[in-house]
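In this chain, residues are counted from 1 in sequence order.
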Amino acid sequence: SDVYKRQNAEYMGGHQIYTLYGVLFVAFFLLLNVVACVSISMTYFQLSSQDYRWWWRSFINGGSSSFFIYAYSIYFYFNNTHMFGFLQGSFYFGYMFIGALALFLMFGAIGFLSSLKFITYIYSQSKVD
């Protein structure tokens with residue numbers, strides 16, 4: 001159905017607006033924003049407890065949402081797909097692991113960079129006499 005709508009919108013000369021990619025972009029932007037806010041919050045709580053080793057923890061806090069994505073892919077495999085056999089399972093879980101690893105690295109970088117920007121801002125505002 002979605003493929004039909006997209007192809008129909010392309011073949012009609014662009015008079016119809018197909019919004020799937022726009023909605024996906026907005027959802028992805030919101031996900032990146034949530035990852036940044038959660039990472040900043042966790043870094044703030046860590047700094048409030050006098051623990052200043054925030055570098056790797058901010059990276060792991062940002063990337064930890066990819067664990068849930070991989071866990072959902074396991075649930076999806078066993079409950080919604082009709083795949084069976086070692087080869088199909090190994091391809092599915094292998095590609096999902098690579099995708100989850102890529103998301104872990106991307107979300108971790110977003111978490112680290114947002115925490116770094118937050119920390120440079122709060123330390124630039126503090127005055128030392």
- Message: According to a hydrophobic-cluster definition based on side-chain heavy atoms being under 4.5 Å apart (Ile, Leu, Val, Met, Phe, Trp, Tyr only), do L113 and F107 belong together?
- Response: no

- For Y92 and S73, the nearest pair of non-hydrogen atoms, with its separation, is OH-O, 2.9 Å

- Item | From S124 atom OG to I119 atom CD1, the distance as rounded to the nearest 0.5 Å | 11.5 Å

- Message: Tell me the closest heavy-atom pair linking S66 and G63, and the distance in Å.
- Response: OG-O, 2.8 Å

- Item | Rounded distance (nearest 0.5 Å) linking atom CD1 of I69 with atom CD1 of I74 | 12.5 Å

- Task: Evaluate the side-chain proximity of V35 to N61: yes if any heavy-atom separation is below 4.5 Å, no if none is.
- Result: no

- Item | Spatial distance of atom CZ (R57) from atom OG (S115) [nearest 0.5 Å] | 12.5 Å

- Can you get from W55 to Y123 by hopping between Ile, Leu, Val, Met, Phe, Trp and Tyr side chains that sit under 4.5 Å apart? yes

- Query: Where do S114 and G111 come nearest, in terms of heavy atoms and distance?
  - Reply: OG-O, 3.0 Å

- Task: Mind listing the closest non-hydrogen atom pair of T43 and S39 along with its distance?
- Result: OG1-O, 2.8 Å

- Side chains of Y52 and Q50: donor-acceptor distance under 3.5 Å anywhere? yes

- Item | Least distance between heavy atoms, F78 atom then F93 atom | CE1-CZ, 4.3 Å

- Query: CG of L105 to CZ of F59: how many Å apart, nearest 0.5 Å?
  - Reply: 5.0 Å

- Message: Taking atom OH as the centre, does Y44 end up with more than 12 heavy-atom neighbours from other residues, nucleotides or ligands that are less than 6.0 angstrom away?
- Response: no

- Task: State yes or no: do L101 and L103 share one hydrophobic cluster built from I, L, V, M, F, W and Y residues joined by side-chain heavy-atom distances below 4.5 Å, directly or via other members?
- Result: no

- Item | Nearest heavy-atom neighbours spanning F112 and W54 | CE1-CZ3, 3.9 Å

- Message: Between F104 and F67 (judged by ring centroids, cut-off 6.0 Å), do the two rings come close enough to count as a pair?
- Response: yes

- Between L87 and F97, is there a shared hydrophobic cluster once you connect ILVMFWY residues whose side-chain heavy atoms come closer than 4.5 Å? no

- Message: Would a single hydrophobic cluster contain both M83 and I98, if residues Ile, Leu, Val, Met, Phe, Trp and Tyr are joined by side-chain heavy-atom contacts under 4.5 Å?
- Response: no

- Rounded to the nearest 0.5 Å, what's the gap from OH on Y72 to OH on Y75? Could you check? 6.5 Å

- Any side-chain heavy atom of F25 within less than 4.5 Å of one from L30? no

- In Å, rounded to the nearest 0.5 Å, how long is the span from OG of S90 to OH of Y95? 10.0 Å

